[in-house]
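Here the structure comes first, spelled out in structure tokens, and everything after it is commentary.
In the text below, chain A, chain B and the rest are named by the order of the sequence lines, each starting its count at 1. Computed from a predicted model, the values in this text were never measured in an experiment. When reading the values below, keep in mind they use all heavy atoms of this one structure, side chains included, and skip hydrogens, waters and symmetry mates.
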Amino acid sequence: MQRINKILTEQVQNIIKELYGADVPENQVQVNKTRKEFNGDFTIVVFPFLRFSKKSPEITAQEIGDALVKNMQDVEAYNVIKGFLNISLSDDYWKNFFNGIIGNDNYGFKEITENSNKIVIEYSSPNTNKPLHLGHIRNNLLGWSEAKIMEANGNKVIKVNLVNDRGIHICKSMLAWKELAGGKTPDDVKMKGDHFVGDYYVAFDKEYKKQIAELVANGMDEKEAKNEALWMKNARKMLQEWESGKPEVRNLWETMNNWVYAGFDETYKKLGVSFDKVYHESQTYLLGKDVILKALEDGKLQKREDGSIIIDLTKDGLDEKVLLRADGTALYMTQDIGTAILRYEDFNFNESAYVVGNEQDYHFKVLKIVLEKLGYVWAKNISHISYGMVELPDGKMKSREGTVVDADDLVDEMIKTAKQKSDELGKLESFSKEEKNEIFRKIALGALKYFILKVDAKKNMTFNPEESIDFNGNTGPFVQYTYVRIQSMLAKAKELGIKNIHKYNNSEKLEQTELSLLNLIYDFEDVIVEAGKRRNPSVIANYVFDLAKEFNRFYHEIPPILKEENKDLMKFRLSLSEKTAIIIKNALDLMGIEVPERM
RNA sequence: GGACCCGUAGCAUAACUGGAUAAUGCACUUGACUACGAAUCAAGCGAUUACAGGUUCGAAUCCUGUCGGGUUCACCA
């Protein structure tokens with residue numbers, strides 16, 4: 001079925017042609033949803049047409065309105081306020097629309113076919129030297145949700161993770177563990193592997209600072225001390241040994257990384273995210289090196305006197321960028337070049353998206369230009385889904401200053417709060433402990449995910465650990481509650497022996513709140529498209545909140561549905577409720593949020 | 001210093017990307033559970049959209065400048 005806003009746009013174009021003899025391009029016809037405080041379903045802004053009509057806004061709007069009513073059966077009435085033409089569609093239009101989608105549980109979703117666009121999306125990208133924190137949570141949730149939204153728009157999506165598993169930072173944890181752990185493993189001390197390793201990373205930093213202080217106290221200047229501190233020298237040596245493949249170092253590296261992966265897996269599972277493929281930088285940096293050396297031979301890059309290889313981007317408004325160190329070892333950029341190429345070889349994608357924080361805007365700008373200059377035509381299809389930092393009320397999170405919000409702690413805390421809240425309300429007494437825990441988990445994660453995803457991805461957001469995340473108002477649990485409530489009503493309807501709720505013949509005039517609900521349901525298709533275009537799950541969050549709110553209003557304003565004597569009307573309202581629930585569930589799923597059946 | 005991003009009620013966020021009287025939640029004040037679940041609903045309070053100019057029929061949104069905050073400009077990742 002063709003969308004009514006599309007039809008309206010075409011009609012307006014035709015009418016203007018007829019009335020004023022002018023061709024108006026499609027993008028000049030603004031068909032918006034009518035704002036709540038005015039009467040109507042869609043609003044057409046007539047200001048852009050005045051130069052064709054050469055008449056006042058009011059008269060122009062009237063002329064167009066008259067023509068619309070005449071030409072379109074679905075247009076029942078219109079009103080004009082200033083230059084705004086508000087169109088009201090007939091009840092029949094809305095009823096027909098609803099009947100058309102009543103059996104379609106995937107309303108709004110596009111199908112994925114053989115010919116679908118193939119998009120690789122990278123997100124998460126952790127370091128293996130410390131556990132995940134709140135910033136990673138935002139990344140993971142965004143990545144997952146973006147992937148879901150891309151799929152809903154009919155794209156074939158491949159989710160990949162790139163683990164940064166090599167470099168000096170890893171050697172720091174390894175060294176500290178060797179020196180301090182006495183051979184203990186995470187199992188021995190009953191810790192999650194990522195936290196275990198992270199602690200040794202912190203321990204390294206502590207000891208390192210101590211060593212610097214000692215050297216400075218003995219008269220060395222600080223810069224030199226930083227280089228000369230024993231542990232730092234040892235860490236650098238370890239990195240060289242790693243690069244040259246010394247078995248002892250490689251074994252330890254593998255062991256400790258595996259501890260970390262086990263910890264990450266647990267956190268990913270808790271968050272409900274997963275990947276189709278995991279890349280490791282230790283496997284891609286050599287490719288990057290080869291590509292750069294080859295490009296140097298081809299004269300695409302320059303070599304400095306000290307032996308480092310650079311690309312000059314000053315003509316592109318950027319800087320000179322080093323691609324390979326003087327000693328020939330790889331850099332972040334080197335690896336990313338290798339990974340990007342490998343990824344193209346693996347998937348032959350139409351598009352490759354990176355979910356990475358906005359502090360790396362510059363890096364990705366450079367990466368794209370460098371790849372283009374190296375002659376990779378597909379590089380133009382690389383995009384950076386840039387998102388803002390998560391800040392604490394007193395500023396940024398800093399791992400070294402201990403002001404991080406740990407991912408595992410936060411989720412556990414949320415689950416505790418959900419349990420407490422639920423116990424106060426006492427609605428789950430009849431459930432087993434396992435069932436209850438499952439419900440608490442869904443609610444807690446619903447609250448957390450919604451809290452993070454409702455904010456425009458590109459904006460920085462503040463998180464106050466002192467105030468726990470809300471469960472009332474514009475929150476995940478509010479939306480979940482609406483869903484649960486509908487399920488409860490539908491179950492009761494079944495108990496009462498009401499069957500075939502999709503079969504009715506409702507001849508009643510639609511109530512205002514029913515019209516609003518139908519309007520919102522109609523919007524879902526456009527919302528998915530917009531969320532995809534804007535690369536922004538917050539569009540979905542805002543929508544599903546409005547939908548839930550409107551349903552709750554409907555629920556309160558309309559007399560009890562299950563007591564309705566007009567069976568046709570009752571079934572229509574049950575169907576409307578059911579459809580609302582399905583869309584809530586689908587919309588939340590796009591954000592990675594599950595719905596409980598009871599709460 | 002150069003480049004990029006941001007500044008909206010006490011707080012947290014919206015505003016269909018240039019459209020109507022700037023919306024919602026939290027907090028605060030009221031009212032509604034012997035009618036389908038009150039994690040709900042209804043009502044109230046609260047904004048010179050950082051500031052000053054400009055463009056436009058129309059500006060939170062675009063342009064210029066000022067002030068404030070952030071990120072980046074590493075042979076760190």
*asked:* Does the protein touch nucleotides 36-46 of chain B at the base, only the backbone, or not at all? Give it as B, S and - per nucleotide, heavy atoms under 4.0 Å.
replied: BBSBBSS----
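- Using a 4.0 Å heavy-atom distance criterion, A:E281 is classed as a sugar-phosphate-only contact.
- The salt bridge (Lys or Arg N to Asp or Glu O under 4.0 Å) test applied to A:D361 returns no partner, not counting sequence neighbours.
- A sub-4.0 Å separation between OP1 or OP2 of B:C76 and a side-chain N or O of A:R166 is absent.
- B:A15 and B:G58 have their C1' atoms separated by 16 Å, with the value rounded to a whole Å.
- Nucleotides B:U21 and B:U48 place their C1' atoms 15 Å apart, quoted to the nearest Å.
- Every residue meeting the side chain to side chain contact (heavy atoms under 4.5 Å, CB included) condition with A:L562, not counting sequence neighbours, appears here in chain and number order: A:M489, A:K492, A:A493, A:L496, A:I498, A:L574.
- A:N153 meets the side chain to side chain contact (heavy atoms under 4.5 Å, CB included) test with A:K110, A:I149, A:N155, A:I528, A:V529; sequence neighbours excluded.
- Atom name C1', nucleotides B:A9 and B:A22: the rounded distance is 11 Å, in whole Å.
- Rounded to a whole angstrom, the distance from the C1' atom of B:A39 to that of B:G44 is 23 Å.
- Within 90° of 0 lies the glycosidic angle of B:C33, which makes this nucleotide syn.
- Base pairing annotation: B:C4 forms a Watson-Crick or G-U wobble pair with B:G70, both donor-acceptor distances under 3.5 Å.
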*A:Y201 vs A:H169, ring pair (Phe, Tyr, Trp, His ring centres under 6.0 Å): CA-CA, chis, key distance, verdict*: CA-CA 8 Å; A:Y201 183 70; A:H169 51 292; 7.3 Å; no
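- At the phosphate of B:A74, neither OP1 nor OP2 sits under 4.0 Å from any side-chain N or O atom of A:K321.
- Every residue was checked against the salt bridge (Lys or Arg N to Asp or Glu O under 4.0 Å) condition with A:K365, not counting sequence neighbours, and none meets it.
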Do any side-chain atoms of residues 548-558 of chain A form donor-acceptor pairs under 3.5 angstrom with protein atoms, and if so which ones, sequence neighbours left out?
from   : atom 1 : to     : atom 2 : distance (Å)
A:E550 : OE1    : A:R553 : NH1    : 2.8
A:E550 : OE2    : A:T513 : OG1    : 3.4
A:N552 : OD1    : A:R485 : NH1    : 2.7
A:N552 : ND2    : A:T482 : OG1    : 3.3
A:N552 : ND2    : A:A548 : O      : 3.3

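- Using a 4.0 Å heavy-atom distance criterion, A:Q360 is classed as a base contact.
- Between A:F42 and A:Y522, the two ring planes are perpendicular [angle over 60°; tilted spans 30° to 60°].
- Shown here, B:A23 forms a base pair with B:U13; the pair counts as Watson-Crick or G-U wobble because both key distances fall under 3.5 Å.
- Put simply, A:K365 has no side-chain N or O that comes within less than 4.0 Å of OP1 or OP2 on B:U72.
- When heavy atoms are screened at a 4.0 angstrom cut-off, A:V455 is found touching the sugar-phosphate backbone but no base atom.
- Among the protein residues, A:F38 comes within range of the nucleic acid bases, having at least one heavy atom under 4.0 Å from a base atom.
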